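Predicted model, so just to flag it, every value in this text is computed and none were measured. Atoms within each ligand, like the ligands themselves, are counted from 1 in listed order.
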Amino acid sequence: MNLLIDMGNSRVKWRLRQSNLQLAAGGAEYAEGWQWLVEISAVHQVEHVWVASVAGTEREGSLNAALAELQIPAARYAKPAPDAGGVRCGYADCQTLGVDRWLAMVAARSLIDGAVVVVDSGSAITADVVTDAGDHLGGWIGPGVHLMRRSLAGKSGVLAAALAKPYCASCAPGVTTQSAIDSAITVMGCGLIDAALRRAGNCTLILSGGDASVWQEFYPEARLEAELVFIGLEHYFAAP
Ligand SMILES: Nc1ncnc2c1ncn2[C@@H]1O[C@H](COP(=O)(O)OP(=O)(O)OP(=O)(O)O)[C@@H](O)[C@H]1O
Ligand SMILES: CC(C)(CO)[C@@H](O)C(=O)NCCC(=O)O
Ligand SMILES: [K+]
């Protein structure tokens, strides 16, 4: 039984899998601690723990300690490589590329023949271009939808009040304060995706991350792959 863990900047997500079977899935805030891990270990015999982390050494240390205390095998952390899994890393120093981005590209290459643009939309929005030949041309890192909203809400009470309602994705000119802000955020996100698509030429667009569905109506040809990081993790550790 394999425990796959995606440690993002804001949340941790996990999948418990055996062969092709998914036995458990969930997500938690870091503030909630490792209660979810306690619950899993009470019910399941975990053999391998495979982690994609961009959360930093402190949180990784905290996970390692929790695993040891629960007598679960130690975590193995995936790392970007210069050339592996069908992708040649575009960063001069590939260790500085977020491993979530790396694994998403590896997963995309395993799912799709040809060039891909991988968009991961969570606390940050990232887009990465991989050519048909497997060359990662590099990518873009921008603030995610909720980060953009919060940055404006922090600027004035009027804007904060307008942003009390949930985000509404639209590219139309806004006719209320909220719709004007949300439309700008949507247009900026689409601008980033458009720039990536122009670079890539003939390619498949893949949308991933908690906010992937935001972009779906503007890119109906895109493929939604919510589990890219987990697919990438399985490839990284389990592929023959
Ligand atoms: N159950 C959920 N809990 C929290 N956010 C959710 C949930 N379902 C969807 N979302 C959306 O997902 C977004 C977070 O995305 P995701 O979990 O992919 O990334 P993240 O962990 O915040 O980012 P990162 O991996 O960059 O740290 C939130 O902005 C929210 O809109
Ligand atoms: C950009 C994020 C925050 C997206 O989760 C993550 O991939 C990260 O922390 N990356 C390290 C910096 C980089 O990829 O260039
Ligand atoms: K992410």
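Looking only at side-chain heavy atoms (C-beta outward), Leu3 and Leu37 come within less than 4.5 Å of each other.
Every N/O-N/O distance between Thr126 and ligand 2 stays at or above 3.5 Å. Checked by distance only, ligand 2 and Ile141 stay at 3.5 Å or farther apart across all their nitrogen or oxygen atoms.
Looking only at heavy atoms of the protein, atom 21 (O) of ligand 1 is closest to Lys13 NZ, 2.7 Å. Closest to atom 30 (C) of ligand 1, if we only count protein heavy atoms, is Asp211 OD1, 3.4 Å. In terms of protein heavy-atom proximity, atom 8 (N) of ligand 1 is nearest to Gly210 O, 4.9 Å. Here the heavy atom of the protein found nearest to atom 22 (O) of ligand 1 is Ser10 OG, 2.4 Å.
Of the listed options Gly8, Gly122, Gly27, Ser123, Ser123 places a heavy atom closest to atom 23 (O) of ligand 1.
Contact annotation: for His146 versus ligand 1, heavy atoms closer than 4.0 Å belong to the side chain alone. With a heavy-atom cut-off of 4.0 Å, Asn9 touches ligand 2 through its side chain alone.
A salt bridge links Arg149 with Asp182: the distance from a Lys NZ or Arg NE/NH1/NH2 to an Asp or Glu carboxylate oxygen falls below 4.0 Å.
Ring orientation note: the planes of Tyr167 and His146 are nearly perpendicular, at an angle over 60° on the 30°/60° scale. Ring geometry for Trp34 against Tyr30 counts as perpendicular: the plane angle is over 60°, on a 0 to 90° scale with 30° as the lower cut.
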